[in-house]
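This one's a predicted model, so the numbers in the text were calculated from it and none came from an experiment. For ligands, and for the atoms within them, numbers begin at 1 and follow the listed sequence. We count residues from 1, following the sequence as given.
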Amino acid sequence: MIVDETIDDSTSTVMFKPICAHCGYVFKKIEYNANKPYYGSKLSESGFTPPYCPGCGKKIVSLTIPMPDEYGNVKYEYEEK
Ligand SMILES: [Zn+2]
């Protein structure tokens with residue numbers, strides 16, 4: 001087997017995309033000040049840019065971000081609806 005020498009890095013990074021939980025719209029850009037109070041993995045209301053989902057128009061009130069659980073594990077599992 002010949003290894004392609006142009007590939008000099010065999011590592012990668014997993015990216016979490018911001019997706020509207022209601023319609024599945026993938027945000028190209030979203031901003032939030034995480035220094036405001038948050039509860040667990042749910043950031044609190046207010047301060048989102050954009051304030052409404054461009055896909056369904058619903059007001060954005062929370063943002064779920066991957067955070068380590070009490071054991072330090074970060075898990076993601078796709079759930080069919
Ligand atoms: Zn939406």
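Every residue meeting the ring pair (Phe, Tyr, Trp, His ring centres under 6.0 Å) condition with Tyr25, not counting sequence neighbours, appears here in chain and number order: Phe27. Partners of Glu31 under the side chain to side chain contact (heavy atoms under 4.5 Å, CB included) rule, at least two apart in sequence or in another chain, are Lys29, Thr49. Partners of Val14 under the side chain to side chain contact (heavy atoms under 4.5 Å, CB included) rule, at least two apart in sequence or in another chain, do not exist in this structure.
Contact of the Ile30 side chain with the Ile60 side chain is registered, since non-hydrogen atoms from C-beta on lie closer than 4.5 Å. At a threshold of 4.5 Å between non-hydrogen side-chain atoms, the residues Leu63 and Phe48 count as touching.
Between Met67 and Val74 the shortest heavy-atom distance is C-CG2, 4.1 Å.
Protein-derived N/O/S atoms nearer than 2.8 Å to the Zn ion (ligand 1) total 4, waters excluded.
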